[in-house]
Amino acid sequence: MDKLSGWVIRHRLLVGLGWLVVTVVGVLLAPSLSSRLQPGTHVSGPGYTANVQIAQKYGGATQDPGVVILDAPAGRTVASPQVQAELKAVDAGIAKAAPQLRVVSYASTGSQTLVGTGGTSTIVLAYPPKPGDDMATEQVDALTQAAKAAAPGLTVHGTSLRALEAGNTTGSGNSSATSELIIGAIGALVVLAWVFGSLLALLPLLMALISVLTMQLLVYGLTYLMPSSSPIHPAVQYIVALLGLGLSIDYSLLVVTRWREERAAGRTNDDAVREAVKRAGHSVWFSGMVASLGLFALIVIPNSMVRGIGVSGLFIPSTATLVALTLLPAVLSKIGPRVDWPRRASRRQAASRFWTGWSTFVIRHRVASAIAGLGILAALTGTAATINISTPGSHALATAGAYTDGLHTLEADGFPSGTLTAVPLYVPNAADAGSVVNTLETVSGLRGAVAPAGAGWHAGGSTIVIAIPQHEIGSANGGTSLDQIRYSVPHGVPAGGEGAQKTDETNATYGSFPLLFAVVAVVTFLLLARGMRSILLPAKAVLLNMLSVAASYGLLVIVFQHGVGMKALWGASSYGAIDTLAPVLIFGFLFGVSMDYEVFILARVREGYERTRSTREAVIEGVSRTGRLVTSAALILFFALASLATANDVTVREIAMGLAFGVVLDAIVVRMLLLPALVSLFGDWNWWLPAWAARLLRIPAAQAAPVPVERPEPVSVRVGDA
């Protein structure tokens with residue numbers, strides 16, 4: 001690190017120009033990134049295989065349909081001549097208003113499966129033209145308006161699963177990565193202004209802006225390298241922007257804080273930069289490596305969306321680290337003292353009076369503190385054990401509005417909510433469609449099945465059959481409908497649809513989750529053991545991180561599954577479930593990100609121990625000098641992630657809030673309570689490294705054998721203002 005900082009200081013103009021070029025290119029290409037990203041997920045399984053076959057000839061028939069509910073006037077049924085004429089007019093009106101849609105209706109098929117109780121109502125199922133397109137609010141509104149205009153004598157309602165998700169919340173439906181980035185940046189600026197009390201607050205934000213643009217540029221290049229089977233998902237743009245903002249500010253905050261501390265100790269500016277990079281740079285580099293591991297390990301999950309996020313996520317900590325260790329030292333070397341204004345604010349001592357008092361209190365009551373911290377984590381982990389990983393049902397998404405009215409009308413007319421997740425079956429020989437429909441009509445888990453009519457539903461001698469399940473496929477109440485369909489139909493007639501593919505995703509994702517867990521835990525332990533020159537400290541860090549992640553799942557369950565606070569935040573009562581991808585992505589992100597705080601604190605604890613040979617004083621020094629830093633970093637990352645939760649997407653919302661909860665919980669309960677309590681309890685055992693382990697890790701042994709736990713000693717840490 002000393003060589004790096006020396007080179008950066010000597011060539012700071014070259015470093016600045018290099019980053020300027022990268023930033024300009026990032027500004028020019030960032031707006032084009034969205035067009036390079038592809039929605040959808042590729043994962044092995046029967047649902048995905050079926051959808052590939054269906055998509056080749058029938059496009060968006062793989063998606064959940066938009067549903068139009070048509071009710072006849074009082075005293076009439078769908079068999080009445082006037083009503084039949086209006087139903088045909090509805091088909092014609094939809095075809096004129098949206099000719100690209102594929103439609104399944106009673107008017108075109110005569111199927112009683114599409115007729116409601118008493119024969120007074122019917123439904124029209126509409127499918128988008130391409131895979132990945134959704135029948136969301138705009139599409140459902142267009143269908144409803146076309147039907148109303150074509151048949152003024154009928155009562156018309158419209159709904160769809162996607163419309164219920166997007167259109168019935170009080171949250172913003174138009175959030176974007178840019179607006180969320182601005183919200184996160186404003187929150188970060190407030191925290192940085194409180195930390196520094198000078199214009200230095202702008203430096204971490206500037207570094208974050210450059211980092212995020214560089215990350216976007218790298219992801220743009222990655223879209224050309226990733227195979228077509230694993231495209232980069234649009235969610236990556238959100239994740240890169242918000243996590244990049246948070247991590248970049250965290251790393252810059254650590255370096256600038258240490259630089260300021262060295263300046264206050266009387267060093268010249270260049271010497272302070274060198275010492276800051278030497279001391280804080282190791283923590284930044286190590287934290288970035290561990291965070292990159294947590295994200296990159298997602299590639300073990302056989303899911304193209306998760307793998308794309310894992311590969312892209314590799315750029316987030318690494319870019320933030322590179323900026324913090326090159327551009328930031330160059331800027332501090334050139335203008336650092338001038339932007340640390342007003343100078344009165346810079347006199348604040350590195351050792352905080354509050355955190356010194358807090359660490360002393362925790363050490364004095366270390367047993368009670370450990371019990372309290374572990375009790376909180378245990379309670380939340382127990383709550384996490386009740387997690388229901390599935391797709392939120394329609395009733396969980398429905399709150400109020402036109403689409404909720406459509407769902408209620410659908411069920412009042414005798415149609416099950418499973419209609420919203422109708423299952424398409426690919427029939428290679430169109431002549432077999434009738435027998436497939438007859439077979440499915442006898443399946444207890446279905447309302448029935450229908451063979452769509454029209455040229456759009458026949459291609460190359462094949463056709464599609466639509467099965468309507470009693471319960472929504474992929475939801476907690478989905479039952480065995482999908483299994484019953486697959487068991488009943490002839491071999492070679494695969495069942496697809498969004499619900500079928502999500503079932504495959506769940507099986508594939510959580511079948512590989514133990515591997516993800518093992519890879520991250522083992523490699524992190526080895527890296528920490530080498531970096532901390534200890535066996536006990538990294539083992540404790542990994543175990544506490546696992547508990548921290550599990551506890552964040554518990555908070556996720558409380559909010560999204562049980563609905564505590566959801567009405568106030570998003571206008572929904574409860575999702576009743578946790579989205580399939582949320583837990584695994586939260587693990588990948590949170591495990592690496594929360595390890596930053598562990599490294600930040602323990603690096604200072606280790607530094608203090610090497611100087612004083614007292615674990616007690618080392619803990620007090622480490623916490624007193626990093627408490628404000630860790631709290632500020634957690635608040636900054638919390639603001640960035642919480643702003644992402646305004647996205648009107650269930651998966652993104654749950655991931656963002658799960659991470660936000662986890663970061664704050666980890667910083668407060670784990671790092672500021674459990675870490676000092678447990679390190680104090682273990683005493684000099686923390687630094688034990690047997691000779692055999694040192695040889696395996698290829699480092700000198702700090703101690704050949706454990707030594708007795710030391711007795712409390714007087715505190716000798718200098719304190720300043722809080």
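Residues: numbered from 1 along the sequence shown.
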- Message: Is there a side-chain contact between Val78 and Thr120 in this structure, where contact means two heavy atoms from C-beta onward sitting under 4.5 Å apart?
- Response: no
- Item | Shortest non-hydrogen contact from Phe415 toward Thr113 | CE2-O, 3.7 Å
- Look only at the side chain of Gln484 and the backbone of Val443, and say whether a donor-acceptor pair between them is shorter than 3.5 Å. no
- Measure across Ala422 and Pro469 and return the closest heavy-atom pair with its distance rounded to 0.1 Å. CA-CD, 4.0 Å
- What heavy-atom pair brings Tyr106 and Leu87 nearest, and what distance separates the two atoms? CD2-CD1, 3.8 Å
- Item | Donor-acceptor under 3.5 Å (Ser488 side chain, Ile485 main chain) | no
- Could you tell me whether a side-chain N or O of Gln561 sits under 3.5 Å from a main-chain N or O of Asn388, the two making a donor and an acceptor? yes
- Query: Heavy atoms, side chains only, cut-off 4.5 Å: are Leu420 and Leu407 in contact?
  - Reply: yes
- Task: Take atom OH of Tyr510 as the centre, draw a 6.0 Å sphere, and report whether it contains more than 12 heavy atoms from other residues, nucleotides or ligands.
- Result: yes
- Task: Indicate yes or no for a side-chain donor-acceptor contact from Thr463 to the backbone of His458 under 3.5 Å, with no hydrogens or angles considered.
- Result: no
- Query: Quick one: does Glu411's side chain have a donor or acceptor within less than 3.5 Å of a partner on Pro416's backbone?
  - Reply: no
- Steps toward ring pair (Phe, Tyr, Trp, His ring centres under 6.0 Å) verdict (Phe587, Tyr553): CA-CA 9 Å; Phe587 175 82; Tyr553 291 164; 7.8 Å; no
- Task: Could you grab the distance from atom CG of Leu70 to atom OG1 of Thr409, nearest 0.5 Å is fine?
- Result: 11.0 Å
- Message: Would the distance check show the side chain of Ser548 and the main-chain N or O of Asn545 forming a donor-acceptor pair, the cut-off being under 3.5 Å?
- Response: no
- Message: Can you see whether Thr421 engages Asp64 through a side-chain donor-acceptor pair at a distance of less than 3.5 angstrom?
- Response: no
- Note on the structure: Interatomic distance, OG@Ser312 vs CD1@Ile232, rounded to 0.5 Å, equals 3.5 Å
- Message: Working note: His408 + Thr404, criterion side-chain contact (heavy atoms from CB on, under 4.5 Å); need CA distance, chi angles, decisive distance, verdict.
- Response: CA-CA 6 Å; His408 293 163; Thr404 299; 3.4 Å; yes
- Atom CD of Gln100: over 12 foreign heavy atoms under 6.0 Å: yes
- Task: Given side-chain contact (heavy atoms from CB on, under 4.5 Å), test Leu659 with Phe661 step by step and report yes or no.
- Result: CA-CA 5 Å; Leu659 287 172; Phe661 291 149; over 6 Å; no
- Reported CG-to-CG distance for the pair Leu555 and Leu665, which is rounded to 0.5 angstrom: 6.0 Å
- Is the backbone of Leu515 close enough, under 3.5 Å, to the side chain of Ser512 for a donor and an acceptor to pair up by distance? no
- Message: Would the distance check show the side chain of Ser160 and the main-chain N or O of Gly66 forming a donor-acceptor pair, the cut-off being under 3.5 Å?
- Response: no
- Which atoms form the tightest heavy-atom contact between Thr62 and Ala55, and what is the distance? CG2-N, 4.0 Å
- Residue pair Gly474 / Thr503: nearest heavy atoms and the distance that separates them: CA-OG1, 4.4 Å
- Task: Carefully, step by step, assess Val52 and Tyr48 under the rule side-chain contact (heavy atoms from CB on, under 4.5 Å).
- Result: CA-CA 6 Å; Val52 169; Tyr48 172 68; 3.7 Å; yes
- Query: If only atom types and distance count, is the side chain of Thr383 paired as donor or acceptor with the main-chain N or O of Ala379 below 3.5 Å?
  - Reply: yes
- Please walk me through it: do Glu441 and Arg447 pass salt bridge (Lys or Arg N to Asp or Glu O under 4.0 Å)? CA-CA 7 Å; Glu441 292 283 356; Arg447 172 181 170 81; over 6 Å; no
- Query: How far does NE2 of His157 sit from CD1 of Ile69, to the nearest 0.5 angstrom?
  - Reply: 7.5 Å
- Task: Starting from the C-alpha separation in whole Å, work towards a yes-or-no answer on side-chain contact (heavy atoms from CB on, under 4.5 Å) for Leu516 and Phe591.
- Result: CA-CA 11 Å; Leu516 172 65; Phe591 190 91; over 6 Å; no
- Return yes if some donor-acceptor pair links the side-chain N/O of Arg162 with the main-chain N/O of Met135 below 3.5 Å, else return no. no
- Query: Are there more than 12 heavy atoms of other residues, nucleotides or ligands under 6.0 Å from atom NZ of Lys57?
  - Reply: yes
- What pair of heavy atoms forms the shortest contact from Val156 to Ala147, and how long is it? CG1-CB, 3.8 Å
